[in-house]
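A quick write-up on the structure given underneath.
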Amino acid sequence: MPQPIRVLIAKPGLDGHDRGALVVAQGLRDEGMEVIYTGLRQTPEQIVATAIQEDVACIGLSSLSGAHLALFPEVVRLLRDQHAEDILVIGGGVVPQEDITLLKEAGVAEVFTPGSTIHQMAEYIREHIRLTGVDDWPDIAAVTQHVDHIGVAVKSIEEALPFYTGVLGLQVVHREEIADQGVRAAFVPVGDVDIELLEPTRADSPIAKFIDTHGPGVHHIAYAVDDVAVALKAAAAAGCRLIDEKPRPGGQGKLIGFVHPKSTYGALTEFCQRTGTAIDVEGGEL
């Protein structure tokens, strides 16, 4: 059976009126959703922390104080900083139409103004949050071959390599820089699986942000597939949140696509498809 959608209803800022928020919270419960209400005068930081702790799929923000242009986008920003941008953010309250446009540009998915019904809100959430039970998942295994590599984020490849080459007795077979991702990579095979050491080349790269938040360590697990597009489609059909809606170029001449860790029990998951040959550090073909 599909799991209930978990929704956090929050009142950011100094707004002291919560009658409408309480009505929405009860209405969404009547629609079959699990609802957590934070209470009054919550900071964006408190709201985001609660949303992550409670593993909600949607945050509903309510504001009657006129501070929505500052508070709602700040919640969206903090979610992104915590790599929790898969959580849907919607808003409600007395919000002028021109402000609704600005809020959507800032990442708020939808804004419900006076006159909106609970059913409209619930249907919007259902259409944008897709959760299914394990029994309903399509057979992704049908397109998955084996583990291709394990990505490990490091501050410096040169500092990390002595452990792999000296202590473990392994060899580097390929190096490259992936400019659009702001990362430098070195591949160290262990049997049929590669260890991919990932060093950030700029401060705003995904690997740099991962290290800032979590420190160096395992970043992702990559599975070899025949067709990344098919694998992504199967994952989406299973209700998984995709980071990549379609395949894109990756290291070693592969096509890749990522599934968000919120949908994979905390492990950032990559599908990769070999499309040609890569050149190793000695200049030969892999």
Side-chain angles (χ1 to χ4, degrees), residues 52 55 57-58 76-77 79-89 104-105 107 109 127-132 136-153 174 176-185 187 193-214 217-276 278:
I52 293 173
D55 194 24
C58 175
V76 174
R77 186 190 70 79
L79 286 171
R80 288 173 179 159
D81 286 349
Q82 294 297 317
H83 305 284
E85 60 270 28
D86 61 310
I87 298 177
L88 182 73
V89 178
K104 288 185 175 181
E105 290 175 352
E127 289 173 3
H128 292 80
I129 299 296
R130 188 174 184 184
L131 300 174
T132 58
D136 300 320
W137 287 14
D139 189 7
I140 299 178
V143 297
T144 304
Q145 299 171 355
H146 53 79
V147 173
D148 182 86
H149 65 269
I150 298 171
V152 178
H174 179 68
E176 67 179 290
E177 184 168 327
I178 306 170
D180 65 331
Q181 291 296 305
V183 68
R184 187 176 295 116
F187 292 84
V193 178
D194 284 346
I195 302 297
E196 181 186 25
L197 301 178
L198 298 163
E199 173 191 330
T201 59
R202 60 174 191 262
D204 64 344
S205 71
I207 294 298
K209 292 179 180 178
F210 177 88
I211 292 175
D212 288 342
T213 303
H214 305 285
V218 174
H219 178 258
H220 68 270
I221 301 174
Y223 298 90
V225 297
D226 289 323
D227 191 318
V228 172
V230 171
L232 290 173
K233 185 179 294 185
C240 295
R241 181 83 171 187
L242 301 184
I243 293 176
D244 297 302
E245 299 288 339
K246 59 183 180 180
R248 58 182 171 86
Q252 293 185 308
K254 300 171 185 173
L255 287 178
I256 65 170
F258 281 90
V259 180
H260 200 283
K262 286 282 286 185
S263 297
T264 59
Y265 300 92
L268 178 61
T269 297
E270 175 186 344
F271 297 126
C272 60
Q273 169 190 345
R274 290 190 178 272
T275 59

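Values reported hereafter were calculated over all heavy atoms of this structure, with side chains retained and with hydrogens, waters and symmetry mates removed.
For residues 246-256, the salt bridge (Lys or Arg N to Asp or Glu O under 4.0 Å) pairs, not counting sequence neighbours, are Asp148-Lys254, Asp244-Arg248.
Using modelled atom types, no side-chain atom of Thr201 and backbone atom of Arg184 make a donor-acceptor pair closer than 3.5 Å. When atom types are taken as modelled, the side chain of Glu176 and the backbone of Gln252 share a donor-acceptor pair closer than 3.5 angstrom. The closest donor-acceptor contact from the side chain of Arg202 to the backbone of Ala208 lies at 3.5 Å or more, if one exists at all.
Side-chain contact check for His219 versus Glu196: every heavy-atom pair is 4.5 Å or farther apart. Side chains of Val152 and Ile195 form a contact here, defined as non-hydrogen atoms less than 4.5 Å apart. The shortest distance between side-chain heavy atoms of Glu245 and Leu232 does not fall below 4.5 Å.
For the atom pair CD (Gln181) and CD1 (Ile256), the distance works out to 6.5 Å, reported to the nearest 0.5 Å. Once rounded to the nearest 0.5 Å, the distance linking CD1 of Ile207 with CG of Leu198 reads 4.5 Å. The distance from the CG atom of Asp86 to the SG atom of Cys58 is 11.5 Å, given to the nearest 0.5 Å. Taken from CD1 in Ile211 to OG in Ser205, the straight-line distance is 7.5 Å, to the nearest 0.5 Å. Annotation: the span from Thr269 atom OG1 to His260 atom NE2 amounts to 11.0 Å, rounded to 0.5 Å. With values rounded to the nearest 0.5 angstrom, Glu85 atom CD is found 8.0 Å from Arg241 atom CZ.
Lys209 NZ: 12 or fewer foreign heavy atoms inside a 6.0 Å radius.
Heavy atoms only, all atoms of each residue included: Val147 and Val193 are closest at O-CG2, 3.6 Å. Closest non-hydrogen pair, Pro261 versus Ile243, comes out as CD-CD1, 4.5 Å. Between Ala235 and Val259 the shortest heavy-atom distance is CB-CG2, 4.1 Å. Scanning both residues, Leu268 and Thr264, for their nearest heavy atoms gives N-OG1, 4.2 Å. For Lys262 against Asp55, the heavy-atom pair with the smallest separation is NZ-OD1, 2.6 Å. Minimum heavy-atom separation, Phe271 to Val228: O-CG2, 3.9 Å.
Relative orientation of the Phe258 and His220 rings is perpendicular, given thresholds of 30° and 60° on the angle between their planes.
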(request) Evaluate side chain to side chain contact (heavy atoms under 4.5 Å, CB included) for Val218 paired with Ile150, printing each intermediate quantity in order. (result) CA-CA 7 Å; Val218 174; Ile150 298 171; 4.0 Å; yes
